[in-house]
Amino acid sequence: SEAVPFTLSPDLSATFAGDVNVGDDLNIAGNELTFTNDAASAYIRGADALIIESDHDNDDGSSKPIHFYTNGTEMAKMEATVATFAGIINTSDGNATTPSYNFTSHDGNGMYLEEYDASNNKEQVSIATDGTRRFRANEAGIWSDQNVYFAGSLRKFGEWHATSGT
């Protein structure tokens, strides 16, 4: 028997036997695009940039967030001025000139993870400004690689022991 390429139901829904290729824009009047093959991964891919935008016509006057779910749990929500994540955020270690947690106005300002004692697998969290490490924290305590300034009092709880040098 010959395969039927598609069927059209009385409610005007169509079922296709294979891939559907669209030569230009695909506009969906409903509010869902559902992937029903539970045995395989689903992909949304673009040959160039892939843009996901909510309220593209800007007709509602308020932020329309984009929600990301897995297993029924919201893992991330992107709004006009804030991104919210549920759980741990993993990123690359970075370095002083390109910190992992960075600011768009200046690439060399931010926080990163660096190894400082490879033989003992020791790492520290460092903060850089202008591409240079200025502050670091590790299991021994906190360190400043530059001057430390105080506008108020410097307070120590407990007995004070000070040393100079190395």
Side-chain angles (χ1 to χ4, degrees), residues 1-139 142:
S1 78
E2 188 174 315
V4 177
F6 72 94
T7 58
L8 188 60
S9 300
D11 66 356
L12 298 181
S13 61
T15 302
F16 295 85
D19 292 345
V20 176
N21 295 300
V22 178
D24 202 351
D25 295 342
L26 172 63
N27 296 298
I28 300 172
N31 62 352
E32 289 188 20
L33 172 62
T34 304
F35 299 91
T36 58
N37 183 356
D38 199 24
S41 298
Y43 298 92
I44 299 175
R45 299 186 283 188
D48 279 325
L50 177 64
I51 299 169
I52 299 174
E53 182 180 13
S54 65
D55 195 23
H56 73 90
D57 57 0
N58 199 23
D59 66 345
D60 293 321
S62 64
S63 174
K64 300 294 182 199
I66 298 173
H67 302 265
F68 295 88
Y69 284 81
T70 183
N71 283 346
T73 301
E74 184 176 70
M75 298 305 296
K77 180 169 77 172
M78 309 295 170
E79 297 183 78
T81 59
V82 67
T84 305
F85 300 91
I88 297 170
I89 299 171
N90 291 312
T91 184
S92 63
D93 291 350
N95 57 53
T97 56
T98 55
S100 295
Y101 296 95
N102 205 355
F103 300 94
T104 57
S105 64
H106 194 285
D107 287 339
N109 292 335
M111 183 173 64
Y112 62 99
L113 182 70
E114 69 177 327
E115 185 174 65
Y116 73 93
D117 184 353
S119 63
N120 291 311
N121 197 27
K122 301 280 186 165
E123 298 173 324
Q124 60 193 10
V125 174
S126 298
I127 296 176
T129 61
D130 294 326
T132 301
R133 182 183 67 202
R134 311 291 181 175
F135 172 89
R136 51 197 155 126
N138 58 41
E139 81 286 348
I142 59 173

| task | Not counting sequence neighbours, list each pair that qualifies as a side-chain hydrogen bond (donor to acceptor under 3.5 Å, both in side chains) and has a residue in residues 17-27. | result | none

| said: Please list all pairs meeting side-chain hydrogen bond (donor to acceptor under 3.5 Å, both in side chains) that have one or both residues in residues 7-18, counting only residues at least two apart or in different chains. | reply: Asp11-Ser13

For residues 69-94, please give each side-chain donor-acceptor pair under 3.5 Å, one per line with the distance, not counting sequence neighbours.
unit_1, atom_1, unit_2, atom_2, d
Glu74, OE2, His67, ND1, 2.3

| message | Just to verify, what does Thr132 make a side chain to side chain donor-acceptor pair (under 3.5 Å) with, not counting sequence neighbours? | response | none

| field | Heavy-atom pair with the smallest gap, counting every atom of Ala96 and Ala128 | value | O-CB, 3.5 Å

In chain order, what residues pass the side-chain contact (heavy atoms from CB on, under 4.5 Å) check against [X], with sequence neighbours excluded?
X	value
Ser54	Lys64, Ile66
Leu33	Ile28, Phe35
Glu32	Thr34
Asn138	Tyr116, Gln124, Ala140, Trp143

| Qualifying salt bridge (charged side-chain N to carboxylate O under 4.0 Å, His left out) pairs with a residue from residues 111-120, counting only residues at least two apart or across chains | Glu114-Arg133

Looking at [atom1] of [X] and [atom2] of [Y], how far apart are the two atoms once the value is rounded to the nearest 0.5 Å?
X	Y	atom1	atom2	result
Asn109	Ile127	CG	CD1	10.5 Å
Arg136	Tyr112	CZ	OH	9.0 Å
Asn102	His106	CG	NE2	9.5 Å

| query | Of all residues at least two apart in sequence or in a different chain, which pass the salt bridge (charged side-chain N to carboxylate O under 4.0 Å, His left out) check with Glu139? | reply | Lys122

| said: Checking Phe16 now: which residues fulfil ring pair (Phe, Tyr, Trp, His ring centres under 6.0 Å) with it, not counting sequence neighbours? | reply: Phe6

| Around Leu50, counting heavy atoms of other residues, nucleotides and ligands shown, do more than 12 lie under 6.0 Å from its CG? | yes

